[in-house]
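Keep in mind that what you see is a predicted model, and the values were worked out from it rather than measured. Chain identifiers are assigned alphabetically (A, B, ...) following the order of the sequence lines, protein sequences preceding nucleic acid strands; residue numbering begins at 1 within each chain.
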Amino acid sequence: MNKELEKTYLPKKIESRIYQIWEKSGYFNPDNLPGPRKQTFSMAMPPPNVTGELHLGHATALTIEDILIRYHRMQGKKTLYLPGTDHAGISTQIMVEKLIAKSGLDRHKLGRAAFLKQAWAWKKKYGTRITGQIRQLGASCDWSREHFTMDETFTAAVQTAFVRMYKDGLIYRGDRIVNWCTRCSSALSDLEVKHQQTTSKLWYIKYPLFGSTKYLVVATTRPETMLGDTAVAVNPQDKRYKRYVGKTILLPLTNREVPIITDKRIDMNFGSGVVKITPAHDNLDYEIGADHKLPIINVIGPDGRMTKEAGEFYGKSVQETRHQILQRLEDEELLEKTLDYIHNLARCDRCGSPVEPLISKQWFIKAKILAKPAIAAVKSGQIKIVPQRFEKVYFHWMNNIKDWCISRQLWWGHQIPVWYRGDQVRASITKPSGQGWRQDEDTLDTWFSSGLWTFSTLGWPKKTKDLKLYHPTSVIETGWDILFFWVARMTMMSLYFMKEIPFKTVYLHGLVLDRHGKKMSKSKGTGVDPIPMTEKYGTDAIRLSLILGTTAGQDFRVYEEKIAGYRNFINKLWNVSRFILSQPKSKGKLILKSSADHWIINRLNQLKKNVASNIENYRFSDAGTAIYEFLWHEFADWYVEISKVEKNIPILNYILENFLKISHPFIPFVTEEIWSRWKGGAKKNLLMIQDWPSDDKKLINKKTSEQFQLIINLVTNIRNFRAVHKIPPRAKLSVYFWGKHSHTITSNSNNVKTLAYLDKLEGQKQRKATGSLPGLEYFIDYKQDNHSKKKEITAVSQYIQKLESKLSNKKFLAKAPPAIVSSEKDKLAEQRDKLQKLLK
RNA sequence: GGGCUCGUAGCUCAGUUGGUUAGAGCGCACGGUUCACAUCCGUGAGGUCAUAGGUUCGAAUCCUGUCGAGCCCACCA
């Protein structure tokens, strides 16, 4: 291996090689980790869609998860990060349908078996793309335990779960109103329906009273459903219509006679206050219909076309029927008026087609029963949600949960393990014995299977060693947008089947937005594709750009310049390392000599603690910022600069070694690469399995360390002086200093050298003070112009005034803690002193 | 209708339990390249912390109202 580092860090060449080394080492598998490792730390990776492509949302999740995993691995824990992919029922099926549509086919023409063959071929083709991309992000997950939600063992787990719940009476089948996507030809759960604000019309239609010339006016957004009306309803309090209650309406077009009923769910103030009731095609109407035992007439079929019940409109589309009905009503002078109206249109979350509420035979889970312990688990603090405010959202959803429709009329998925023969129904994994059994054709909601993710990936329903060791998992990490879809379902499922929580902490990251603060959209081209970015700027830079400046649960923006900025940081680390590794070898012991030595070791020590505690408290941004600040603005800007005149090579090596460890969870590639060039790439030496560095307290003399801060301040002041007075950087300056701490500088040859080098100083002279720092006054032998002096006097005077008024406030003196009061007094004394010097 | 988040420098954002004269990155201005890095170094300008009240010795931070931006949930046809 070439130890000499190139001038700049070239991620493209390095990263895939590094990942291969990690993977081949076997250390992603906790069984192979060295050492005793008593504690465990485990996480299940949220499985991405097997045929999908990695986007920044995934990248965010993978980064945070991998930081936690690498950190805990270095903390000496038996650490498992279990990866996998999801079959993603609807999404994948849509993709395959699009594919076969190109050859003029649809799935029904193809048939179930042939379609599934195509889908599996598609999965095979793209299934490795996403796992390759997960590797590209640096995820240190155990591929030997990888799962796919439709692989054999996982399918067996899904079937077992279904059968058990069915036998326990938690799953039932029934005719109920469901959300129906006409494009997917499938039922959807409430969560898979998105409401989109749409401009539409509100039509006011005259409904004639039976046996009268009078009529009631109903307002509707869906005139075509009037063919399925089985009542007209008003609020019982509504005086306008009281006298009509109990009478009947002669429904236009169909001339059916329907009752006028009352229901308190009717809003008197909306529209005309009279509502047409269509139990078959509206959620609320369905409930009202059920309570009033109204008949149900299905006029829209699963194909989105009118049924035979729609009479003359049979076979027509909803849109066409609406159009014709409105025309007819107008012709018959039954259309009173039409208003513009904005309402929420229900659409399929996956394909965007309008969703029709209609009645259909589906499988449901009694969710309320499952929700109870899931609520308790969070309430009791067994499960902690970060950020905590999402607990409220979780409770609201759980408390109002409705039965979960789990059957889908899709082919790509787990076929429901229920068998029929005549009137007989059997739930079982295998076909019951005997002739003539036919399996339910439907498949299960994808989220039913992913709800089992934390424990089925560890071997459930078998009682495995893994399950005992790694469940409950330590943390689940995901975007807040799938709190209900996944986190809530996993909690319910785990508590039901495992009788234990699936994870102790839920960390929810924010969603990634584009530079304008909008959701990234592939079709609009506003998204940033992480994969080309990793190639251009390096994965480590991407990882930092997803962590720094972000907070749990808060959406954040990502754009290329940001990534480029972190690339610069990575390059800085590369070059600091290049500098240190190019120094002559030194076998010297770690001895702290100068105040700079004490200072930098002290700062490093604080960094160790800071990063560890921030990771443990899920404050990844703070941890990452501390790493960034230390390396660039403390180590590189000060210590490495100084080492050019006064070198302590063992310390340089020590800092670099420790820094590589501390920053490794965040920027694994560059750190491992530098490490392996330095220490050799032997498997035992890999950075990823090093121990988290220990405390340096014993080494540090705190006072000496603090002295260096004085040097920093002095250097900065002199540089400032130089810039203000336009003194060329190379022009030598004479500075003289005295005061309480002047000894610090003059007695220490390192410090004198440091100052001379950093500030290009020479000579000493005694004169009145030009500037002062706490305990130190200095004179720069250069004529200060009046303008800048005046400016400084004004600033100091203002500050003094502020302090004086604070300290003359009796209440402040009486009530503020003594420490605060005395520190304010010190400040005032200092400033007065400073002012005096300035006025001399 | 219910709920949540955000509003801090030109831009993107930090700011932990209230306590130095409110910070960073980018951008901008000025200056700097033999000797790790121009993906660099130094210095600087720039903010009445959306707004009005309140609590407090003390508020960007806690409370209330208002304005503005965004999001989630929900069966107003």
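- For B/U43, the OP1/OP2 oxygens have no side-chain nitrogen or oxygen of A/Arg722 closer than 4.0 Å.
- Taking the six-membered ring wherever Trp is involved, the centroid distance between the rings of A/Phe620 and A/Tyr507 falls below 6.0 Å.
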- Message: Run A/Ile627 and A/Phe659 through side-chain contact (heavy atoms from CB on, under 4.5 Å) and show every step you take.
- Response: CA-CA 8 Å; A/Ile627 284 170; A/Phe659 182 81; 3.5 Å; yes

- Message: Let's go through A/Arg176 and A/Tyr286 carefully: what are the C-alpha distance in whole Å and the side-chain angles of both, what is the deciding distance for side-chain contact (heavy atoms from CB on, under 4.5 Å) to 0.1 Å, and is it a yes or a no?
- Response: CA-CA 9 Å; A/Arg176 298 241 320 244; A/Tyr286 179 79; 4.3 Å; yes

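- Remark: the A/Lys644 side chain and the B/A36 base include a donor-acceptor N/O pair separated by less than 3.5 Å.
- Contact annotation: A/Tyr341 reaches the phosphate of B/A77 (side-chain N/O to OP1 or OP2, under 4.0 Å).
- Note on A/Asp267: a base of the nucleic acid sits closer than 4.0 angstrom, heavy atoms only.
- Note on A/Lys7: a side-chain N or O is less than 4.0 Å away from OP1 or OP2 of B/A38.
- Considering only side-chain N and O atoms, A/Asn614 lies nowhere under 4.0 angstrom from the phosphate OP1 or OP2 of B/U16.
- Spacing between atom CG of A/Leu656 and atom P of B/A36 amounts to 16 Å, rounded to whole angstrom units.
- Nearest nucleotide to the A/Asn283 side chain, out of B/C75, B/C76, B/G19: B/C75.
- Computed from coordinates, the A/Asn575 CG to B/U33 P distance equals 20 Å when rounded to whole Å.
- Side-chain atoms of A/Glu629 stay outside donor-acceptor range of the base of B/A14, with no qualifying N/O pair under 3.5 Å.
- Distance from the side chain of A/Lys518 is smallest for B/G70 among the nucleotides B/U12, B/U43, B/G70.
- In the set B/A36, B/C57, B/U39, B/C57 carries the atom at the smallest distance from any side-chain atom of A/Asn809.
- Atom pair A/Gln831:CD and B/U21:C1' shows a separation of 8 Å (rounding to whole Å applied).
- Residue A/Lys810 places no side-chain N or O under 4.0 Å from the OP1 or OP2 atom of B/C57.
- Between A/Tyr628 atom OH and B/A14 atom P the separation is 16 Å, expressed in whole Å.
- Applying the 4.0 Å criterion to OP1 and OP2 of B/A14, one finds that A/Thr551 has a side-chain N or O inside that range.
- Under the 3.5 Å distance criterion, the side-chain polar atoms of A/Asn610 are left unmatched by any main-chain donor or acceptor of A/Gln606.
- Using a cutoff of 4.0 Å between basic side-chain nitrogens and carboxylate oxygens, A/Glu6 and A/Arg677 are scored as salt-bridged.
- Going from atom OH of A/Tyr639 over to atom C1' of B/C37 covers 19 Å, rounded to whole Å.
- With hydrogens and angles left out, the side chain of A/Lys572 and the base of B/C37 share a donor-acceptor pair within 3.5 Å.
- A donor N or O paired with an acceptor N or O is not found under 3.5 Å between the base of B/U43 and the side-chain atoms of A/Arg719.
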